[in-house]
Amino acid sequence: MYQILSKQPLADAVYAQLRERILGGELVPGDSLPSERLLCDMLGVNRGAVREGIKRLQESGLVRVRHGGPTQVLDYEEEGGLELLPSLLISEDGHMRVRVARGILSLRESLAPAVARQAAQHSPADTVHRLRQLVAAMRRTEDIGELQQHAFDYWGALVKGSSNIAFRLSYNTLGRTYEKIWALLSQVMAEEFRDRDRLASLAEAVAGGDAVAAEQLAREHVSIGTLALNQVLDAYAEHAKFDLSRLPTG
């Protein structure tokens, strides 16, 4: 059932509600959205908000707008982009979509070594300095929350140092996706966040322009978290009892 919208930019709210209905499977490829007038009535918003919300759906590859005809739902797996990942990871009822999560892990495993290799090939001095700073900060703490943030910043610096805009945009999307399960990651990926020595070696490989070593170190590092997360996903898929809403938020 559609809900009356309020307390946020109306176009954003229109987009969010319709997006969830498409990603959640309530509206499937080939379906037509209700008319603008009907959406205005159902959502309690003006026509401008509906039009802007639908425009954003179109930009996200979720619908096709036909002038003079109905707006048609598209197959987001065929038409969508990485920006949909954060919305796909957690369903509207708070459950993790395991297939999406495994896909993100696979992307991370492929992306990290490539980022490290390219950062080493460029070896910018400011990147090396930042990586060494972050490793030093990680050695000064045992707090998992702090280690997690430092690790996130480390990879952000490495991505920036790669000078690859495609890597940076992909990393931005992954970052927004991680935010959805930040507390879960802090628990499950603790051993990866404690892998300071390998991150230190990776920083020095980047400093020395050793692309082969940087690629290998990055692959070894992210495999720690991948193994742990896949174990959690296996248990989740088998029992479906992982209540994400009960995880701590800090």
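Residue numbers start at 1 and run along the sequence shown.
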Exercise. Would you say the side-chain atoms of E146 and T141 include a donor-acceptor pair closer than 3.5 Å?
Worked result: yes

Exercise. Just by modelled atom types, is the L38 backbone N or O under 3.5 Å from a matching donor or acceptor in the D41 side chain?
Worked result: no

For this session: For side chain to side chain contact (heavy atoms under 4.5 Å, CB included), just list the numbers for Q72 and V63, CA-CA rounded to whole Å, side-chain angles, deciding distance to a tenth of an Å, and then say yes or no.
Result: CA-CA 5 Å; Q72 188 177 49; V63 301; over 6 Å; no

Problem set entry | Side-chain (Y154) to main-chain (L199) donor-acceptor, under 3.5 angstrom | yes

For this session: Apply ring-ring contact (aromatic ring centres under 6.0 Å, His included) to Y178 and Y171, showing your working.
Result: CA-CA 10 Å; Y178 293 159; Y171 180 77; 7.5 Å; no

Problem set entry | Co-membership, hydrophobic cluster, residues Y236 and L227, 4.5 Å side-chain | no

For this session: Report the C-alpha separation of L105 and L233 in whole Å, then their side-chain angles, then the decisive distance to 0.1 Å, and conclude whether the side chain to side chain contact (heavy atoms under 4.5 Å, CB included) test is met.
Result: CA-CA 11 Å; L105 287 181; L233 291 175; 3.8 Å; yes

Problem set entry | Test log, rule ring-ring contact (aromatic ring centres under 6.0 Å, His included), inputs W182 and F152 | CA-CA 11 Å; W182 187 263; F152 188 81; 5.6 Å; yes

For this session: Please check if atom CZ in R139 has more than 12 non-hydrogen atoms from other residues, nucleotides or ligands closer than 6.0 Å.
Result: yes

Exercise. Hey, are the side chains of R130 and L158 touching, using non-hydrogen atoms and a 4.5 Å cut-off?
Worked result: no

For this session: Identify, with sequence neighbours excluded, every residue that meets ring-ring contact (aromatic ring centres under 6.0 Å, His included) alongside Y15.
Result: none

For this session: Tell me whether M96 is reachable from L107 by hopping between hydrophobic residues (I, L, V, M, F, W, Y) whose side-chain heavy atoms are closer than 4.5 Å.
Result: yes

Exercise. So how far is it from L229 CG to D234 CG, rounded to the nearest 0.5 Å?
Worked result: 11.0 Å

For this session: For residues S123 and G209, report the shortest heavy-atom separation together with the two atoms involved.
Result: OG-N, 4.2 Å

Exercise. Which atom names give the shortest non-hydrogen contact between Q118 and F167, and what distance separates them?
Worked result: NE2-CE1, 3.8 Å

For this session: State, with a plain yes or no, whether a side-chain heavy atom of Q149 is found less than 4.5 Å away from one of D153.
Result: yes

For this session: Without swapping roles, check the side chain of R47 against the backbone of E36 for a donor-acceptor pair under 3.5 Å.
Result: no

Exercise. Under 4.5 Å between any side-chain heavy atoms of L82 and L174, yes or no?
Worked result: no

For this session: Measure from the side-chain N and O atoms of R66 to the backbone N and O of T71, and report whether any donor-acceptor pair falls under 3.5 Å.
Result: no

Exercise. Taking C-beta and beyond as the side chain, do T173 and L169 meet within less than 4.5 Å on heavy atoms?
Worked result: no

Exercise. Would you say S60's side chain and L57's backbone share a donor-acceptor pair under 3.5 angstrom?
Worked result: no

Seminar exercise, completed: Separation between CG (L74) and CZ (R64), nearest 0.5 Å, reads 5.0 Å

Problem set entry | Partner of L62 by side chain to side chain contact (heavy atoms under 4.5 Å, CB included), out of V73, L23, L18 | L23

Problem set entry | Verdict with supporting geometry, I54 and L39, side chain to side chain contact (heavy atoms under 4.5 Å, CB included) | CA-CA 10 Å; I54 290 175; L39 282 172; 4.1 Å; yes

Exercise. Is the number of heavy atoms from other residues, nucleotides or ligands within 6.0 Å of NE2 (H122) greater than 12?
Worked result: yes

Exercise. Considering only heavy atoms from C-beta outward, does the side chain of K55 approach that of R51 to under 4.5 Å?
Worked result: no

Exercise. Under 3.5 Å, is there a donor-acceptor pair between the side chain of S106 and the main chain of R102?
Worked result: no

For this session: Work out which heavy atom in G161 is nearest to a heavy atom in T127; give both atom names and the distance.
Result: CA-OG1, 3.3 Å

Exercise. Measuring from W155:CH2 to L111:CG, what's the distance to the nearest 0.5 Å?
Worked result: 8.5 Å

For this session: Walk me through it: do R194 and I144 pass the test side chain to side chain contact (heavy atoms under 4.5 Å, CB included)?
Result: CA-CA 8 Å; R194 294 190 183 103; I144 289 299; 3.4 Å; yes

Exercise. Quick one: CZ on R99 to CD1 on I104, what's the gap to the nearest 0.5 Å?
Worked result: 11.0 Å

Exercise. Counting distance only, does the side-chain N/O of E192 pair as donor-acceptor with the main-chain N or O of G225 below 3.5 Å?
Worked result: yes

Problem set entry | Heavy-atom closest pair, residues A214 and A116 | O-CB, 3.4 Å

For this session: Would you check if T177 and P86 make a side-chain contact, meaning some heavy-atom pair closer than 4.5 Å?
Result: yes

For this session: Verify the cluster assignment for L10 and M42: are they in a single hydrophobic cluster under the rule of side-chain heavy atoms below 4.5 Å apart?
Result: yes

Problem set entry | Donor-acceptor under 3.5 Å (S32 side chain, P70 main chain) | no

For this session: Give, for atom CZ of R117 and atom CG of N164, the distance between the pair rounded to the nearest 0.5 Å.
Result: 13.5 Å

Exercise. So do the side chains of R108 and T226 get within less than 4.5 Å of each other, counting heavy atoms only?
Worked result: yes

Exercise. Do V100 and V98 share a hydrophobic cluster, counting only Ile, Leu, Val, Met, Phe, Trp and Tyr and linking them when any side-chain heavy atoms are less than 4.5 Å apart?
Worked result: yes

For this session: Check whether any side-chain heavy atom of R97 lies under 4.5 Å from a side-chain heavy atom of I90, and answer yes or no.
Result: no

Seminar exercise, completed: With sequence neighbours left out, the residues meeting side-chain contact (heavy atoms from CB on, under 4.5 Å) with Q216 are R219, E220

Problem set entry | Taking every non-hydrogen atom, the tightest pair across M138 and L147 | O-CD2, 3.5 Å

For this session: Work out which heavy atom in E79 is nearest to a heavy atom in G61; give both atom names and the distance.
Result: CB-O, 3.2 Å

Exercise. Is D12 salt-bridged to R19, going by a charged N under 4.0 Å from an acidic O?
Worked result: no

Exercise. Ion pair present between R196 and E191, side-chain N to carboxylate O less than 4.0 angstrom?
Worked result: no

